[in-house]
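Read the numbers this way: they start at 1 and go in the same order the structure lists the ligands and their atoms. Note that the structure is a prediction, hence the values are computed from the model and not measured. Quick note: residue numbers are just sequence positions, from 1.
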Amino acid sequence: MTNELMVVKLGGAAGIGLETLCDDVAQLRRDKRRLVLVHGGSDETNRLAEQLGHPSRFVTSISGHTSRVTDRRTLEIFMMATAAINRRLVEQLQARGVNAVGLSGLDGRVIQARRKEAIRVIENGRQRIIRDDWTGTPERINAGLLTTLLDLDLVPVLAPLGISESGEALNLDGDRAAAVIAAGLKAETLILLTNVPGLLRNFPDQTSLIHHIPQGEIESFAQFAEGRMRKKVLGAAEALRAGVRRVVIGDARQPAPVSAAMDGQGTVIG
Ligand code: ADP
């Protein structure tokens, strides 16, 4: 099916494979495939925050997730870091004849999110509540705007910022942002590219790749994932529940990473 829509999320550490990824996207566009790209920004944010003298602070929530504390200054740094990645991607794609359009989830309310008003964290063994935090959970998208861009033969490139009900900018997890985009656009495939071959049964043993997870069994496979890989598996579950046909967690470090994932290389869920 040539008109199939795919949403591709590139991992924060995927910068290494930017050129091969853009070559692959250019080839897919020549084959008339429709794509939306979503990128992360955590590594670049960490670097820039250090350089600007406001290093990121990480906390562990009571449910065990580690996340960045996004105070207002950190949000500004996150905006700068993701804008730079976004522009770089658009430049690389334009240089290959792909008419890419860079947006953040703020623009045109593309990604609407709910602000996490208070985060319960454990610090030095004690519970604490953080309120000055600008992180959100993506909930809905402006599908009309993205569909219009796709119909104009453009390739939207989205930075993981969301907009709250009252118009505040929020830092989003890129994998969950991509999941909401895929769900809202009813994409056939969501591809989450990362720096491992997929979900590994015995991380970091690269030969223990899990090739396929049936939709009904995601919960039992989530136990193998730790840290940020767990967010990918949870994002996959959300997308499938919302009607996306399949999710592939694939390796960004190989040649033609999107095409390889489309061919089923990686962990195919669904
Ligand atoms: P990206 O920035 O590319 O999106 P993340 O760093 O968010 O990637 O998530 C991928 C990381 O998840 C891997 O590099 C690895 O360190 C970690 N991980 C934890 N558990 C697993 C697992 N079972 N299989 C593969 N990776 C895992």
**Request:** Count the heavy atoms of every other residue, nucleotide or ligand shown that sit under 6.0 Å from CZ of R120, and state whether that count exceeds 12.
**Result:** no
Can you check whether [X] has an N/O within less than 3.5 Å of an N/O in ligand 1?
{"X": "K232", "result": "yes"}
{"X": "L199", "result": "no"}
{"X": "L200", "result": "yes"}

**Prompt:** Under a 4.0 Å heavy-atom limit, does K9 contact ligand 1 with its side chain, its backbone, both, or neither?
**Reply:** side chain
If you count the atoms of ligand 1 from 1 in the order shown, which ones are under 4.0 Å from a heavy atom of [X]?
{"X": "G11", "value": "1 (P), 2 (O), 3 (O), 4 (O)"}
{"X": "F224", "value": "22 (C), 23 (N)"}
{"X": "N195", "value": "3 (O), 10 (C), 13 (C), 14 (O)"}
{"X": "V196", "value": "13 (C), 14 (O), 25 (C), 26 (N)"}
{"X": "G198", "value": "24 (N), 25 (C)"}
{"X": "T194", "value": "1 (P), 3 (O), 8 (O), 9 (O), 10 (C)"}

Under 3.5 Å, is there a donor-acceptor pair between the side chain of [X] and the main chain of [Y]?
{"X": "D263", "Y": "Q265", "answer": "no"}
{"X": "H212", "Y": "G270", "answer": "yes"}
{"X": "E188", "Y": "L5", "answer": "yes"}
{"X": "S56", "Y": "R68", "answer": "no"}

Any salt bridge between [X] and [Y], counting N to O under 4.0 Å?
{"X": "R87", "Y": "E91", "result": "no"}
{"X": "R73", "Y": "D71", "result": "no"}
{"X": "D23", "Y": "R96", "result": "yes"}

**Request:** Work out whether the distance between some heavy atom of G174 and some atom of ligand 1 is less than 4.0 Å.
**Result:** no
